[in-house]
Amino acid sequence: MYSNAYIWAKVIAYLDERLTPGIVSTYFDQSYVLDCTDRLLTVYAPSEFCKDFIERRCLGYIQDAMQELTGTDFEIRIVCEEEMAEYNLAREQNKTKFNPQFTFESFVVGPSNRFAYNAALAVTSKPAAAYNPLFIYGPSGLGKTHLLYAIANRIQETLPDFNIIYISSEQFTNELIQALREHKNIEFRQKYRKADLLLMDDIQFIGGKASTEEEFFHTFNELFESRKQIVLTSDRPPSEIRLLADRLRTRFEGGLICDIIPPDYETRMAIIQNKANTLGLDIPPDICNYIAENITNNVRSLEGTVNIIKAYHELNGMRLDLPSVSRAIKDMYVEGTHNLPSAALIIAEVSRFYGVEENLLRGRLKSNNIVMPRQVAMYLIRDLTHQSYKAIGREFGRDHTTVISALQKVEALIAKGDKETIDNLRDITANINAKL
C-alpha cells in the first residue's frame, strides 16, 4: 500500500481539480491522513468546523479519489483535533501485545535453524515482497513460534500501523465454529481478511476439516492477492500434511519452505548458556556440556532443564556440581533402551541428513557419497537398537559380514577422533531422538 503522505497528495491533487482553491486551502491545508488500512481512510481535521464541512461536502470526492488511486471502495472517517486523545487511546488499546521475550535478538542461531531465521528476518524488511507465504516446519519445541513472535515484534516496531494477527489453526477452527453458531460469518471473515500480517501456528491441524480449509483458502487468497504477508508453521512440510486439500497444498508450496531441525551440539551449548544468562544463573562448563550431551531433542527441553536447575538451586539449595545436577534432571532425557528408534526411522534420518535417497542407502551402489552414509546408518542401528548383525543386514539386503565391516570402519574413525564423523553421529542421533 502507498504511504499516508503519498495518498494525501493524490487526494489533494484530485480535489484541486474539482473544488475552488479557497475551499481546498481553508479545509484541507492542515489536514492529513492518520491511517489507511482495511479499506478505511482516517483523516485528521484541525477543528470540528472543518470536520463538519468535509463530512457534508467532500466525502464523495475523497472516496472517488481513493477509488481512482487504488481501484477499491474506501470508507472515509474524519477525526478532529478534539477527538485525537480518544482516537490515540483506542489505537493503543487495540494494538496486539506479543511476548517481548521472543525477538530475533534472543533467538539462538545455528546450522539447524539459520535458513528459517534469515527467511523470517527478510520478511520483516519487505513484508509480502520477500517470501510470501513463508512456511516454516519442524518438530515441536525448536523455535517456530519464537520466530513468529519475533516477526510480529519487529514489524510492530517498524510498521506500527500494521494490523497483525497471530493465531493457531486450532483457535481459527474454534472461532469459525462459534461464528457459524452465532451467524457472524461476515465479522469472522473481516477480522482475518483485513490483516496486514497473518501468522498461523500449527497449520497441519486444518487438514481434513472441510469448513476450516474452505474458509482459510479464501482468506489466504484474499490476503495474498492484496499483497499481505502470510507466515505459517507446521510440524511437517505441506506435502506430508494428511488430508490437506491440493489447492491449499499448492499455495503453501508456492512461497518459501524452510525447515528447522534439532540443534547440533554447539547450538545446544549456546542455548543453555543464553538461557542461564537470562536467568542470572552461572552454570559451570561441565554441567552445560552434560546437559547438551543428554538433552538433544528440542530447545524447549533445554530451556526447561535450565529452569529446573535454577529452581532446585534457589529453592532447595542444590549445589551446582555435576552429581547434584545429574540427579535433578535425570527424568528429562531418554536413557538406556527406553523408546528405541526403529531401523526405518534411523535410515530415514541418515538419508535426510546426508541428502541421499533411502533406496540408494539400501541399494548396491558403492560411490563414496553413498557408502559412508550407509555405514553410518548400519552403525547407528546397531548402537541405538542393539539389533543383531543379521537383522541389520536384512535391512540393506546384505549379509552379516558386510555389516561388521561397516561398523568397524565407523568405529575406526571414532577411535581416530575424526571430528566430522563424531559430530555427524551426534547430530543424527539428536534428530532421531527428536522423533521419538
Is it the case that more than 12 heavy atoms not belonging to [X] sit under 6.0 Å from its [atom1] atom?
X    : atom1 : answer
Y312 : OH    : no
Y131 : OH    : no
K10  : NZ    : no
Q101 : CD    : no
R57  : CZ    : no
Q30  : CD    : no
E82  : CD    : yes
E420 : CD    : no

Hey, are the side chains of [X] and [Y] touching, using non-hydrogen atoms and a 4.5 Å cut-off?
X    : Y    : answer
L199 : I151 : yes
I261 : D259 : yes
T42  : C36  : no
D235 : S140 : no
K228 : L198 : no
V33  : L41  : yes
L320 : D282 : no
L159 : P127 : yes

Atom [atom1] in [X], atom [atom2] in [Y]: separation rounded to 0.5 Å?
X    : Y    : atom1 : atom2 : value
I347 : I432 : CD1   : CD1   : 10.0 Å
K51  : E81  : NZ    : CD    : 12.5 Å
I308 : K310 : CD1   : NZ    : 14.0 Å
D286 : D321 : CG    : CG    : 8.5 Å
I271 : T305 : CD1   : OG1   : 11.5 Å
C80  : E48  : SG    : CD    : 4.5 Å

I'd like to know if [X] pairs up with [Y] as an ion pair, taking the criterion as any Lys NZ or Arg NE/NH1/NH2 lying under 4.0 Å from an Asp or Glu carboxylate oxygen.
X    : Y    : answer
R362 : E357 : no
E349 : R352 : yes
K191 : E175 : yes
E222 : K194 : no

Which atom names give the shortest non-hydrogen contact between [X] and [Y], and what distance separates them?
X    : Y    : answer
R251 : P133 : O-CG, 3.6 Å
A119 : L256 : CB-CD2, 3.6 Å
C50  : T26  : SG-O, 4.1 Å
I155 : L197 : CD1-CD2, 3.7 Å

In terms of relative ring orientation, are F252 and F135 parallel, tilted or perpendicular, with 30° and 60° separating the classes?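 Aromatic pair F252/F135 classed tilted.
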So H146 and F102, would you call those rings parallel, tilted or perpendicular, with 30° and 60° as cut-offs?
->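 If you compare the ring of H146 with that of F102, the planes turn out tilted.
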Open item on the list: Working note: M372 + T421, criterion side chain to side chain contact (heavy atoms under 4.5 Å, CB included); need CA distance, chi angles, decisive distance, verdict.
Closed with: CA-CA 10 Å; M372 185 60 193; T421 301; 4.1 Å; yes
Whether [X] side chain and [Y] backbone form a donor-acceptor pair below 3.5 Å:
X    : Y    : value
T212 : I206 : no
R268 : A292 : yes
D418 : I414 : no
N277 : Q273 : yes
N113 : G110 : yes
K275 : L302 : no
S31  : Y44  : yes
T70  : Q67  : no
S226 : L223 : no
D196 : N163 : yes

query: Are Y354 and N369 close enough that a side-chain donor and a side-chain acceptor fall under 3.5 Å?
result: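 No.
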Under a 3.5 Å cutoff, is there a donor and acceptor pairing between the side chains of D202 and S168?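 Not at all, the side chains of D202 and S168 share no donor-acceptor pair under 3.5 Å.
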Show your working on side chain to side chain donor-acceptor pair (under 3.5 Å) between Y166 and D201 and close with a plain yes or no.
-> CA-CA 8 Å; Y166 165 84; D201 231 341; 2.8 Å; yes
task: Determine, step by step, whether F107 and Y117 satisfy the ring-ring contact (aromatic ring centres under 6.0 Å, His included) criterion, reporting the C-alpha distance in whole Å, the side-chain angles of both residues, the deciding distance to 0.1 Å, and the verdict.
output: CA-CA 8 Å; F107 190 87; Y117 172 87; 5.8 Å; yes
Check your understanding: Under the salt bridge (Lys or Arg N to Asp or Glu O under 4.0 Å) criterion, do E215 and R189 qualify, and how do the steps go?
Key -> CA-CA 8 Å; E215 195 61 47; R189 289 167 184 162; 3.0 Å; yes
Determine, step by step, whether L147 and I136 satisfy the side chain to side chain contact (heavy atoms under 4.5 Å, CB included) criterion, reporting the C-alpha distance in whole Å, the side-chain angles of both residues, the deciding distance to 0.1 Å, and the verdict.
CA-CA 9 Å; L147 284 179; I136 303 172; 4.1 Å; yes
Are the ring centres of Y14 and Y61 closer than 6.0 Å?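 No, they do not, as the ring centres are separated by 6.0 Å or more.
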Exercise for review: For residues Y192 and F216, establish whether the separation of their ring centroids is below 6.0 Å.
Suggested key: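 No, the ring of Y192 stays outside the 6.0 Å limit from the ring of F216, centre to centre.
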- Query: Just one of W8, Y32, F28 clears the side-chain contact (heavy atoms from CB on, under 4.5 Å) bar with V43, so which one?
  - Reply: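 Of the listed residues W8, Y32, F28, the side-chain contact (heavy atoms from CB on, under 4.5 Å) partner of V43 is W8.
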**Study point:** Lys NZ or Arg CZ of R247 over F217 ring: under 6.0 Å, within 45°
**Key:**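 Yes, R247 and F217 form such a contact.
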- Hey, mind stepping through Y87 and D35 against side chain to side chain contact (heavy atoms under 4.5 Å, CB included) and telling me if it holds? CA-CA 11 Å; Y87 171 78; D35 196 15; 3.6 Å; yes
Candidate pair T267 and D264, rule side chain to side chain donor-acceptor pair (under 3.5 Å), full reasoning
CA-CA 5 Å; T267 306; D264 60 13; 2.6 Å; yes
